[in-house]
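First the structure, in the form of structure tokens, and then the observations on it.
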Amino acid sequence: MSQAIDEKTWAELEEIAARYPEKRSGLLPMLHLVQAAQGRVTPEGIEACADILGISAADVSGVATFYTMYKRRPVGDFHVGVCTNTLCAVMGGDAILERLQDHLGVGNDETAPSREGDVRTVSLEHVECNAACDYAPVMMVNWEFMDNMTPESAVQLVDDLRAGKEVSSTRGPRVCTWREAERVLAGFDDGLADEGPGAGPASLVGLEVARENGWSAPSPRASGDTGQVAASKEGAAEEADTARAESETKQEEGKA
């Protein structure tokens with residue numbers, strides 16, 4: 001049974017809403033904060049967000065049920081996601097997911113029962129593309145990358161997590177708990193942003209090739225961009241209209 005939103009969380013929800021000119025724009029990070037505080041998106045959390053933003057609970061619930069990162073039932077201390085999209089599947093993602101489901105005794109988006117000696121809980125989810133195809137097959141733990149996985153290394157990973165051992169992301173910091181990660185997604189710094197490598201060799205191959213060949217991206221002016229930022233919405237619209245008119249004129253000239 002969920003609990004009422006405490007005063008600290010309520011104040012932080014209001015803090016998030018105040019970051020935006022239109023406070024309802026803060027709904028997504030507010031829902032992450034609800035999960036950080038209560039372990040999932042609760043009815044009380046939905047009502048709190050609605051009250052603070054001045055919208056209906058139905059509006060909040062519609063958002064919370066649209067995005068898969070928002071959970072309506074509790075997840076583990078560590079939420080493990082396995083990608084089985086095209087390249088990861090070809091490289092063994094399906095086999096990894098099947099092995100973990102069998103090892104943990106769970107289906108999709110379920111939390112594994114605790115074993116004797118476990119100090120942390122783990123939940124498992126089949127996720128869509130993690131946008132890390134150069135490291136396939138890829139898993140995520142609380143949204144941190146675990147690259148070039150195998151069924152064997154995946155089993156070892158979840159066992160280490162359940163045993164409370166410190167685990168580090170392949171291209172990021174040591175892995176925190178799911179609630180701690182949700183607080184970061186709500187916009188509260190945990191001080192780990194600069195911990196661990198930001199990119200791996202596979203991601204940097206194109207950059208190295210460009211350097212070896214003296215290639216560089218075209219300047220903004222070469223691509224037709226003046227490099228200036230519109231000072232207002234109206235200015236942006238005018239620039240877009242002007243660019244579209246110039247493009248259409250060139251097309252017509254080409255047909256003539």
Check for a donor-acceptor pair, side chain of [X] on one end and backbone N or O of [Y] on the other, with a separation under 3.5 Å.
X: Thr170; Y: Asp147; result: yes
X: Lys165; Y: Arg162; result: no
X: Tyr70; Y: Gln35; result: no
X: Glu166; Y: Arg174; result: no
X: Asn213; Y: Trp215; result: no
X: Asn142; Y: Phe78; result: no
X: Ser169; Y: Phe145; result: yes
X: Ser61; Y: Ala57; result: no
X: Asp6; Y: Lys8; result: yes
X: Lys23; Y: Gly54; result: no

I need the minimum non-hydrogen distance between [X] and [Y], along with the two atoms involved.
X: Gly45; Y: Ile5; answer: CA-CD1, 3.9 Å
X: Asn108; Y: Arg73; answer: O-NH2, 3.9 Å
X: Asp118; Y: Pro113; answer: OD2-O, 4.4 Å
X: Ala64; Y: Val41; answer: CB-CG1, 4.0 Å
X: Cys129; Y: Asn85; answer: N-ND2, 3.3 Å
X: Ile16; Y: Ala186; answer: CD1-O, 3.7 Å

Side chains of Glu125 and Val75 in contact at under 4.5 Å (non-hydrogen atoms):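 Of all side-chain heavy-atom pairs linking Val75 with Glu125, none is under 4.5 Å.
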Heavy-atom side-chain contact between Trp178 and Thr121 under 4.5 Å: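 Sidechains of Thr121 and Trp178: no contact.
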Check: Thr177/Glu180 side-chain N/O donor and acceptor closer than 3.5 Å: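 Yes.
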Could you check whether [X] pairs with [Y] (Lys NZ or Arg NE/NH1/NH2 to Asp/Glu carboxylate O, under 4.0 Å)?
X: Arg183; Y: Glu12; answer: yes
X: Arg99; Y: Glu152; answer: yes
X: Asp109; Y: Arg72; answer: no

Common cluster, Leu28/Trp143, ILVMFWY with side-chain heavy-atom separation under 4.5 Å: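 Cluster IDs for Leu28 and Trp143 differ.
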hydrophobic_cluster_shared for Val127 and Val106, side chain cutoff 4.5 Å: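 Looking at the clustering, Val127 is in a separate group from Val106.
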Gap separating the [atom1] atom of [X] from the [atom2] atom of [Y], nearest 0.5 angstrom:
X: Met139; Y: Leu97; atom1: CE; atom2: CG; result: 9.5 Å
X: Asp190; Y: Glu195; atom1: CG; atom2: CD; result: 9.0 Å
X: Cys176; Y: Glu144; atom1: SG; atom2: CD; result: 7.0 Å
X: Ile52; Y: Met30; atom1: CD1; atom2: CE; result: 4.5 Å

side-chain contact (heavy atoms from CB on, under 4.5 Å) between Glu128 and His126, worked out: CA-CA 7 Å; Glu128 289 302 321; His126 159 233; 4.0 Å; yes
